[in-house]
Amino acid sequence: MAAERVKAIIERAREEGRKKLLEHESYDVLREYGLPVPKAGLATTEDEAVKLAESIGYPIVAKIVSPDIVHKSDVGGVKVGLKDADAVREGFRAIMKNVKEKAPSAKVTGVLIQEMVPEGLEVIVGSTRDPTFGPVLMFGLGGIFVEVLKDVSFRIAPVTRYDAETMLTEIKAAKILEGYRGAPPRDKAALADIIVKLSKFMEEQELVTDVDLNPIMAFEEGKGAKIADARVLIKA
Ligand code: ADP
Ligand code: MG
């Protein structure tokens with residue numbers, strides 16, 4: 001059962017004393033609940049990185065995987081748009097060098113080689129477990145909309161399909177989802193689906209304290225959405 005497989009992954013992380021799933025583990029647990037995660041694999045050497053890139057298909061994204069690093073781009077730990085084997089090798093080395101310089105005490109598990117998600121509107125779906133209300137789901141647009149304007153909507157779980165669709169309309173910048181200045185309308189059904197599935201995940205997985213899907217690329221209507229970065233925090 002999906003719920004049991006997820007619990008096993010979480011239990012293993014806790015046994016290692018971790019309060020955070022590694023990025024590939026996050027995708028493994030979210031995939032079990034039908035969330036749209038990118039293809040990805042963990043490489044510990046340059047050769048492995050190239051092998052993975054070739055099986056996923058170029059272009060790819062390379063990211064540092066470390067239990068001690070939360071914001072990967074802050075330490076030069078993310079390289080996007082790597083187009084061939086040489087670029088993957090160079091990216092792998094650059095990430096290792098940057099992390100050694102900027103986070104010298106961080107334990108490095110490896111480098112995640114991930115499908116490059118096509119460009120879309122960047123949105124965020126998150127959840128935190130409130131001690132009183134239980135899981136609370138959050139939706140917003142990426143970048144300055146969340147970070148500067150705090151333009152987000154919330155619901156307490158369980159979030160129904162109708163609730164999720166309403167959440168999409170409640171942010172101040174909701175019009176951007178409808179298309180503007182030549183940009184297409186976005187696949188709101190796919191976004192509502194992500195919110196509902198994350199709500200179910202939070203309800204069933206009581207050891208998960210926080211989930212941050214940031215960014216999710218929202219494609220045009222009918223084309224879906226895909227998660228490009230996922231953080232899952234668990235109870236110690
Ligand atoms: P962090 O949030 O830890 O700094 P991310 O994994 O979110 O790192 O990567 C930083 C940025 O790189 C993202 O906000 C996104 O714009 C871009 N990015 C990351 N992964 C992908 C991907 N698989 N496809 C396309 N763009 C990506
Ligand atoms: Mg991110």
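Only a predicted model underlies this, so the values are computations on that prediction, with no experimental measurement involved. Start at 1 and go down the list; that is how both ligands and their atoms are numbered.
- Using a 4.0 Å cutoff on heavy atoms, P215 counts as a contact of ligand 1.
- Residue contacts with ligand 1 for Q114 involve side-chain atoms from C-beta outward but no N, CA, C or O (heavy atoms, distance under 4.0 Å).
- The proximity of R231 to ligand 1, defined as any non-hydrogen pair under 4.0 Å, does not occur for either the backbone or the side chain.
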Q.
If you apply the rule salt bridge (Lys or Arg N to Asp or Glu O under 4.0 Å), what do you find for K20 with E25, and how did you get there?
A. CA-CA 9 Å; K20 173 175 92 92; E25 293 171 332; over 6 Å; no
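- Here side chain to side chain donor-acceptor pair (under 3.5 Å) pairs that include residues 206-224, with residues two or more places apart or in two chains, are D212-R231.
- For the residue pair D163 and T160, a side-chain donor N or O sits within less than 3.5 Å of a side-chain acceptor on the partner.
- Partners of F201 according to the ring-ring contact (aromatic ring centres under 6.0 Å, His included) rule, which considers only residues two or more places apart in sequence or in another chain, are Y33.
- Look at E16 and R12 and you find no salt bridge, because none of the NZ, NE, NH1 or NH2 atoms lies under 4.0 Å from a carboxylate O.
- In summary, D86 and R89 do not engage in a salt bridge, as defined by a charged side-chain N under 4.0 Å from a carboxylate O.
- Atom 26 (N) of ligand 1 has as its closest protein heavy atom M217 CE, 3.8 Å.
- Partners of F145 according to the ring-ring contact (aromatic ring centres under 6.0 Å, His included) rule, which considers only residues two or more places apart in sequence or in another chain, do not exist here.
- The shortest side-chain heavy-atom distance between K63 and E23 falls under the 4.5 Å cut-off.
- Close approach of ligand 1 to N214 (heavy-atom distance below 4.0 Å) involves ligand atoms 7 (O).
- Cluster membership check: Y27 shares its hydrophobic cluster with V208, using side-chain heavy-atom separations under 4.5 Å among Ile, Leu, Val, Met, Phe, Trp and Tyr.
- Among all non-hydrogen protein atoms, the one lying nearest atom 16 (O) of ligand 1 is E122 OE2, 2.9 Å.
- Less than 4.0 angstrom separates atom 19 (C) of ligand 1 from at least one non-hydrogen atom of the protein.
- Ranking protein heavy atoms by distance to atom 10 (C) of ligand 1, first place goes to S73 OG, 3.8 Å.
- The number of heavy atoms from other shown groups lying within 6.0 Å of NZ (K51) does not exceed 12.
- For the pair K7 and E204, the salt-bridge criterion is not met [side-chain N within less than 4.0 Å of a carboxylate O].
- Closest to atom 17 (C) of ligand 1, if we only count protein heavy atoms, is V80 CG1, 4.0 Å.
- For atom 11 (C) of ligand 1, the closest non-hydrogen atom of the protein is V78 CG1, 4.8 Å.
- In this structure, the separation between CG on L21 and CD1 on I9 is 8.0 Å, given to the nearest 0.5 Å.
- Here's the thing with E23: none of its N/O atoms is less than 3.5 angstrom from an N/O atom of ligand 1.
- When only interatomic distances are considered, the shortest N/O to N/O separation between V117 and ligand 1 falls below 3.5 Å.
- Checked for salt-bridge contact, E32 and K197 miss the test: no charged N lies under 4.0 Å from a carboxylate O.
- In the vicinity of V70, heavy-atom distances shorter than 4.0 Å reach the ligand 1 atoms 3 (O).
- Remark: ligand 1 and D74 share no N or O pair separated by less than 3.5 Å (distance only, no angle test).
- If you count the protein N, O or S atoms nearer to the Mg ion (ligand 2) than 2.8 Å, you get 2.
- The protein atom (non-hydrogen) at minimum distance from atom 6 (O) of ligand 1 is K63 NZ, 2.8 Å.
- With V125 as the partner, the side chain to side chain contact (heavy atoms under 4.5 Å, CB included) test is satisfied by one option alone out of L191, L35, I195: I195.
- Atom 2 (O) of ligand 1 has its closest protein heavy atom at D229 OD2, 3.1 Å.
- Not close to ligand 1: E119, with no non-hydrogen atom less than 4.0 angstrom away.
- Hydrophobic clustering keeps V37 apart from I60 (ILVMFWY residues linked when any side-chain heavy atoms are closer than 4.5 Å, directly or through intermediates).
- Nearest to atom 22 (C) of ligand 1 by heavy atom, out of V61, I227, I60, is V61.
- Taking a cut-off of under 4.0 Å to the non-hydrogen atoms of M116, the atoms of ligand 1 that pass are 24 (N).
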